[in-house]
Amino acid sequence: MKEKERRSSDNSDLKKTLLRYKEETNEDRLPQQAYIVIQKAIRNLQLQPNEAFLEREIIEMLEMSRTPVREALIRLEMDRWIRLIPRKGFTVEPIVKENIEQLCQIAEALEGVAAELATLHISEEQLEILDSLIANQEKYLKENNLKAYLDIDNQFHNLIVESSRNERLKNIMDSHSDQLYRARLFTINERELPVRSIKEHRAIVAAMRAQDSKAAQLLMHSHRHRGGQEILRIIENKPRNKKNE
């Protein structure tokens with residue numbers, strides 16, 4: 001009975017979160033709206049790795065009909081956010097070392113190129129925004145607010161990718177960055193405090209301000225590689241999580 005009550009409480013909290021995400025979306029198409037909401041819940045670990053759920057539970061929580069939710073779930077499975085278990089429902093994809101290693105390799109290579117290209121195009125105003133993001137990271141680090149730190153970190157990297165003015169590169173990064181964010185959020189409380197990352201961010205911005213595109217590329221590549229290795233070491237030593245084991 002206690003297990004049933006706990007499950008009901010968890011579902012109630014999750015429903016509130018999903019409905020809040022639903023209100024925040026600027027999407028009118030219901031299948032896309034459902035996709036965005038569920039994906040965001042997985043990205044932010046409200047739906048945990050390996051957590052099982054039923055289609056009808058999500059339909060009820062989202063207060064939608066079956067058709068748009070079903071379409072969203074099919075897309076989420078294709079994009080490797082969830083997995084269909086025949087006759088049992090769905091489970092959230094686990095955070096597996098091999099998958100994250102591939103994502104880190106993509107980030108290393110493409111963000112290095114993005115930093116090189118951004119150096120050629122970025123404005124002083126955008127560089128000042130990067131400076132302010134670093135200052136906010138320092139603030140949140142002093143407050144030990146690692147989730148806020150991570151969100152600002154994401155903004156820092158996204159701005160550099162956007163400043164590359166390479167739409168194809170940006171599209172590739174967009175398709176993988178949320179998966180990498182989930183892995184970073186999953187491990188952030190077990191990593192060393194990211195003081196070194198802030199120093200590396202300052203070095204990247206300095207290289208960009210000096211118009212040294214090759215230095216910016218190498219610094220970003222090294223930065224992403226080091227961070228990726230930290231994440232992979234933690235994931236390798238973690239048991240495969242399941243919220244309701």
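Only a predicted model underlies this, so the values are computations on that prediction, with no experimental measurement involved. The first residue of the sequence shown is numbered 1, and numbering continues consecutively from there.
- Heavy atoms of other residues, nucleotides or ligands lying less than 6.0 angstrom from CG of Asp28 number 12 at most.
- Salt bridge present: Glu24 and Arg20 bring a charged side-chain N and a carboxylate O closer than 4.0 Å.
- Ring orientation note: the planes of His223 and His201 are nearly perpendicular, at an angle over 60° on the 30°/60° scale.
- Remark: side-chain polar atoms of Asn237 are paired, donor with acceptor, to backbone N or O of Arg233 under 3.5 angstrom.
- Ser222 places no side-chain N or O within donor-acceptor distance of the main-chain N or O of Leu219, the cut-off being under 3.5 Å.
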Exercise. What do the steps show when you test Lys139 against Glu143 for salt bridge (Lys or Arg N to Asp or Glu O under 4.0 Å), and what is the final call?
Worked result: CA-CA 6 Å; Lys139 170 180 174 288; Glu143 295 172 358; 3.3 Å; yes
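- Both Leu193 and Tyr140 belong to a common hydrophobic cluster when Ile, Leu, Val, Met, Phe, Trp and Tyr are linked at side-chain heavy-atom distances under 4.5 angstrom.
- Environment of CD in Glu125: sparse, with no more than 12 heavy atoms of neighbouring residues, nucleotides or ligands closer than 6.0 Å.
- With a 4.5 Å cut-off on side-chain heavy atoms, Arg83 and Phe90 do not count as touching.
- Listed by chain and number, the residues in a side-chain hydrogen bond (donor to acceptor under 3.5 Å, both in side chains) with Lys22 amount to none (sequence neighbours excluded).
- Between the Gln229 side chain and the Arg226 main chain, no donor and acceptor come within less than 3.5 Å of each other.
- With a 6.0 Å radius and a threshold of 12 heavy atoms from other residues, nucleotides or ligands, Glu192 has its CD atom at or below the threshold.
- Using a distance-only test at 3.5 Å, with no hydrogens or angles considered, no donor-acceptor pair links the side chain of Ser164 to the main chain of Ile160.
- For the pair Lys170/Glu167, a side-chain contact is recorded, criterion being any heavy-atom separation below 4.5 Å from C-beta on.
- Under a hydrophobic clustering in which Ile, Leu, Val, Met, Phe, Trp and Tyr are joined whenever their side-chain heavy atoms come within less than 4.5 Å, directly or via other members, Val195 and Leu146 fall into the same cluster.
- Glu93 and Arg182 are not joined by a salt bridge, as no carboxylate oxygen comes within less than 4.0 angstrom of a charged side-chain nitrogen.
- A donor-acceptor contact closer than 3.5 angstrom links the side chains of Asn44 and Tyr21.
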For this session: Report the C-alpha distance between Glu71 and Tyr35 in whole Å, list the side-chain angles of each, state the deciding distance to 0.1 Å, and finish with yes or no for side chain to side chain donor-acceptor pair (under 3.5 Å).
Result: CA-CA 8 Å; Glu71 186 176 325; Tyr35 179 95; over 6 Å; no
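- Using modelled atom types, one side-chain atom of Glu77 and one backbone atom of Leu84 make a donor-acceptor pair closer than 3.5 Å.
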For this session: Give the intermediate values and the outcome of side chain to side chain donor-acceptor pair (under 3.5 Å) for residues Asp153 and Gln137.
Result: CA-CA 7 Å; Asp153 188 82; Gln137 283 189 293; 3.1 Å; yes
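- Taking the ring axis of Tyr181 as reference, the NZ or CZ atom of Arg43 stays within 45° of it and closer than 6.0 Å to the ring centre.
- By the criterion of side-chain heavy atoms lying less than 4.5 angstrom apart, applied directly or through intervening Ile, Leu, Val, Met, Phe, Trp or Tyr residues, Leu30 is not grouped with Leu19; the two fall into different hydrophobic clusters.
- Two residues are said to be in side-chain contact when any heavy atoms from C-beta on lie closer than 4.5 Å; Leu127 and Glu124 meet this criterion.
- The hydrophobic cluster around Val161 extends to Ile106, Leu110, Val113, Leu117, Leu169, Ile172, Met173, counting ILVMFWY residues whose side-chain heavy atoms fall within less than 4.5 Å of a member.
- A salt bridge links Glu111 with Arg224: the distance from a Lys NZ or Arg NE/NH1/NH2 to an Asp or Glu carboxylate oxygen falls below 4.0 Å.
- Without hydrogens or angle criteria, Glu27 side chain to Gln32 main chain gives no donor-acceptor distance under 3.5 Å.
- Contact detail for Met208 and Ala216: the closest heavy-atom pair is CG-CB, 3.9 Å.
- Checked against salt bridge (charged side-chain N to carboxylate O under 4.0 Å, His left out), Glu108 has no partners two or more places apart in sequence or in another chain.
- Listed here is the closest heavy atom pair of Leu14 and Leu47: CD2-CD2, 3.7 Å.
- A donor-acceptor contact shorter than 3.5 Å is absent between the side chain of Glu230 and the backbone of Gly227.
- Sparse packing is recorded around NZ of Lys199, with 12 or fewer heavy atoms of other residues, nucleotides or ligands lying under 6.0 Å away.
- Taking 4.5 Å as the limit, every side-chain heavy atom of Ile129 sits out of range of all side-chain heavy atoms of Gln155.
- Here the rule is side chain to side chain contact (heavy atoms under 4.5 Å, CB included) with Trp81, and of Leu73, Asp178, Ile38 only Asp178 fits it.
- A salt bridge between Lys214 and Glu116 is present, with a side-chain N of the basic residue lying under 4.0 Å from a carboxylate O of the acidic one.
- Remark: the backbone N or O of Ile234 is not paired with any side-chain donor or acceptor of Glu190 at under 3.5 angstrom.
- The heavy-atom pair separating Glu101 from Leu232 by the smallest distance is N-CD2, 3.6 Å.
- Side-chain atoms of Thr119 and Arg209 form no donor-acceptor pair, as typed in the model, at a separation below 3.5 Å.
- Residues Met220 and Leu133 share a single hydrophobic cluster, defined by chaining ILVMFWY side chains whose heavy atoms lie under 4.5 Å apart.
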